[in-house]
Structures are given as structure tokens and as C-alpha cells.
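Working notes for the structure below.
By convention in this document, chain letters (A, B, ...) are assigned in the order of the sequence lines, proteins followed by strands, and residues within each chain are numbered from 1.
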Amino acid sequence: MCYRTRLNAQLEEIEKSFDAYFEEKERYMPREEINGFSHSPYPVIVDESPGHIQFYNWGLIPFWAKDNKIQKATLNAKVETLNEKPSFRNAIKNRCLVIVDGFYEWQWLDPKGKEKQKYIIKPKDQDIFALAGIYSQWKNPETGSEMGTYSIVTTEANELMGEIHNNKKRMPIVLHKQDRKKWLTSEDYSAFAFPYETDLVADKC
DNA sequence: CCAGACGTTGTT
DNA sequence: GTCTGG
DNA sequence: CCAGACGTTGTT
DNA sequence: GTCTGG
């Protein structure tokens with residue numbers, strides 16, 4: 001799974017890497033570690049507006065939800081079941097790029113996971129990169145306010161990630177730089193499911 | 001038939 | 001909104 | 001992760 | 001003892 005990311009790059013570096021611009025520059029804060037369970041606003045690029053970097057909340061809320069309780073369970077969406085799940089199937093055409101410069105995973109050092117080793121993971125050939133995401137617009141019926149929310153799409157772990165995430169063996173879909181646009185625009189996403197291979201590097205931390 | 005779920009797998 | 005388990 | 005279930009379906 | 005629902 002993927003519950004924590006890093007986005008510590010300078011704003012200008014992000015804009016350059018994605019050829020897109022922050023609409024609200026003052027909201028961007030570089031951070032060494034972002035906890036998905038905080039559901040805080042996070043920089044993404046959505047298919048409808050590929051030239052802009054916008055702030056969406058991590059944890060997809062389907063349009064029919066009455067409250068945000070579901071968010072704690074929609075940080076990730078399994079690519080294998082995307083089109084079956086009521087929470088996700090309305091959003092499979094709403095593609096976004098989740099901007100990161102690393103993500104964290106914990107390796108279990110014993111059968112019960114009492115001891116864990118933390119790793120930071122990134123592709124060999126990209127310092128700032130995109131995880132495959134899907135998004136939804138949600139209007140809070142209590143307050144009437146609208147917000148964008150997203151999930152990170154996960155797939156079966158590749159060889160390296162299987163050694164690290166050795167209990168659940170899942171990993172986020174890490175897009176090749178040349179596939180960013182394809183993720184945003186292709187209806188059929190099967191080419192991104194396992195074994196979509198990306199050359200990753202993991203460092204202990 | 002209707003109430004309740006709808007999701008994934010940390011608490012570092 | 002739509003599906004399903006009781 | 002741990003608490004709680006773990007089974008079938010008569011009243012002779 | 002082992003599985004599962006919360």
C-alpha cells in the first residue's frame with residue numbers, strides 16, 4: 001500500500017518537471033513526510049486541467065457519500081477491482097497525477113511485524129515523479145462546500161517492492177515520465193496494471 | 001424488503 | 001446512487 | 001491486530 | 001487451532 005509520501009522539492013522544480021503551474025503558490029509547503037490519514041490538501045494534476053497543479057485531499061470521497069468517514073479506507077484503490085467497487089467505479093475516468101519525490105514503505109523484520117524497517121522509494125531516473133491517481137468531486141451536505149479528493153491506484157508489488165512490502169505485497173503505480181499524459185487520457189488502464197515495470201531504488205531510513 | 005455498506009490493511 | 005446480507 | 005466464533009435448523 | 005469481522 002502507500003500511505004505516506006514525500007514532497008520536499010522546490011515549487012519551481014515541480015512546475016518544471018510537469019510543465020504545469022500552481023494556481024495557489026502560497027499553499028505549497030515542501031514536506032519530508034506526508035501522512036495520508038491526515039487527508040490534507042496535496043498537489044495533483046487532474047485530466048481536465050493538465051496545465052495546472054491543484055490541491056486535492058488524499059482519500060477519495062464518492063459523490064454519494066454523506067460524510068467523509070470513508071476517506072480512511074480510500075487512500076489506495078486496487079487497480080484489479082477499480083471497476084467493481086461502488087466507491088471507485090464512478091471515478092475510473094477521472095485520472096490524476098499525484099506528485100511526489102518519494103514514498104515510504106515498511107518491511108516486516110519478523111512474522112508479526114513487531115520490528116519494522118522503513119524505506120524511502122523512488123525511480124532511478126526521476127527525482128520528482130507521478131503516482132497514478134483517480135479523483136472525485138464531493139459536496140459536503142452538511143456545509144455545502146465542495147472539494148476534490150483522490151486515491152492512489154495500487155498494483156501487485158514488483159520484485160523489489162515485494163521484498164520491502166513483504167506482508168501485503170502491494171505498491172503504487174509509479175508512472176514513467178513519458179506515460180504521465182497516457183495515464184490522464186487513456187480509457188483503458190490495463191497497460192498500467194502489473195507487470196507495469198518501473199526501475200525503483202529503495203533506501204533505508 | 002430494507003438497513004447498511006460502499007474501502008484498505010498504519011497507528012512507524 | 002446501487003448493491004447485498006440478513 | 002485481536003476478540004470472538006467455530007453449527008444446524010425438532011419439540012415426537 | 002484457525003479463521004474472520006470489526
Residue pairs meeting salt bridge (Lys or Arg N to Asp or Glu O under 4.0 Å), one or both in residues 72-84 of chain A, sequence neighbours left out, come to A:Glu80-A:Arg170

Partner residues of A:Asp127 under the side-chain hydrogen bond (donor to acceptor under 3.5 Å, both in side chains) criterion, sequence neighbours left out:
A:Lys122

Taking the C1' atom in each of B:dT9 and E:dG1, what is the distance between them to the nearest angstrom?
24 Å

For the P atoms, the ones on D:dG7 and on E:dT4, what distance do you get once it is rounded to whole angstrom?
11 Å

Could I get the full list of ring-ring contact (aromatic ring centres under 6.0 Å, His included) partners for A:Tyr119, not counting sequence neighbours?
none

Residue set satisfying ring-ring contact (aromatic ring centres under 6.0 Å, His included) with A:Tyr104, at least two apart, ordered chain then number -> none

Derivation and outcome, side-chain contact (heavy atoms from CB on, under 4.5 Å), residues A:Ile99 and A:Ile45:
CA-CA 8 Å; A:Ile99 301 171; A:Ile45 294 171; 4.1 Å; yes

Sticking with atom C1', work out how far B:dT11 lies from D:dC1, rounded to a whole angstrom.
11 Å

Please give the distance between the C1' atoms of B:dT8 and E:dG6 as a whole number of Å.
13 Å

Classify the nucleic acid contact of A:Asn90 as base, sugar-phosphate or nothing, counting any heavy atom under 4.0 Å across all strands shown.
nothing

What pairs with A:Ser190 under side-chain hydrogen bond (donor to acceptor under 3.5 Å, both in side chains), at least two apart in sequence or on another chain?
A:Asp188

Strand-adjacent residues in residues 30-40 of chain A, judged by heavy atoms under 4.0 Å from DNA chain B
A:Phe37

Pairs flagged by ring pair (Phe, Tyr, Trp, His ring centres under 6.0 Å) wherever residues 183-205 of chain A is involved - sequence neighbours left out
A:His176-A:Tyr196, A:Trp183-A:Phe192, A:Phe192-A:Tyr196

Under a 3.5 Å cut-off on both pairing distances, which runs of 3 or more consecutive Watson-Crick or G-U pairs involve DNA chain B?
B:1-6 with C:1-6

Pair A:Tyr28-A:Glu15, side-chain hydrogen bond (donor to acceptor under 3.5 Å, both in side chains): steps then yes or no:
CA-CA 12 Å; A:Tyr28 178 65; A:Glu15 292 187 333; over 6 Å; no

For A:Tyr42, enumerate each residue passing the ring-ring contact (aromatic ring centres under 6.0 Å, His included) test, keeping only those at least two apart in sequence or located in another chain.
none

Between A:Cys2 and A:Trp106, which residue's closest nucleotide on DNA chain B lies nearer the 5′ terminus?
A:Cys2

Distance, rounded to the nearest Å, where A:Lys118 contributes NZ and B:dT11 contributes P
12 Å

Review item, nucleotides 5-8 of chain B N/O atoms under 3.5 Å of protein N/O:
{"residue": "B:dC6", "atom": "O3'", "partner": "A:Ser87", "partner atom": "OG", "Å": "3.3"}
{"residue": "B:dG7", "atom": "OP1", "partner": "A:Pro86", "partner atom": "N", "Å": "3.0"}
{"residue": "B:dT8", "atom": "OP1", "partner": "A:Lys78", "partner atom": "N", "Å": "3.1"}
{"residue": "B:dT8", "atom": "O4'", "partner": "A:Ala73", "partner atom": "O", "Å": "3.4"}

Clusters formed by hydrophobic residues whose side-chain heavy atoms approach within less than 4.5 Å: which one holds A:Trp138, and what are its other members?
A:Ile61, A:Phe63, A:Trp64, A:Ile70, A:Met147

Can you sort out the partners of A:Leu109 under side chain to side chain contact (heavy atoms under 4.5 Å, CB included), two or more places apart, ordered by chain and number?
A:Gln107, A:Glu115, A:Gln117

Using a 4.0 Å heavy-atom cut-off, does A:Lys168 contact any base of the nucleic acid, only the sugar-phosphate backbone, or nothing at all?
sugar-phosphate

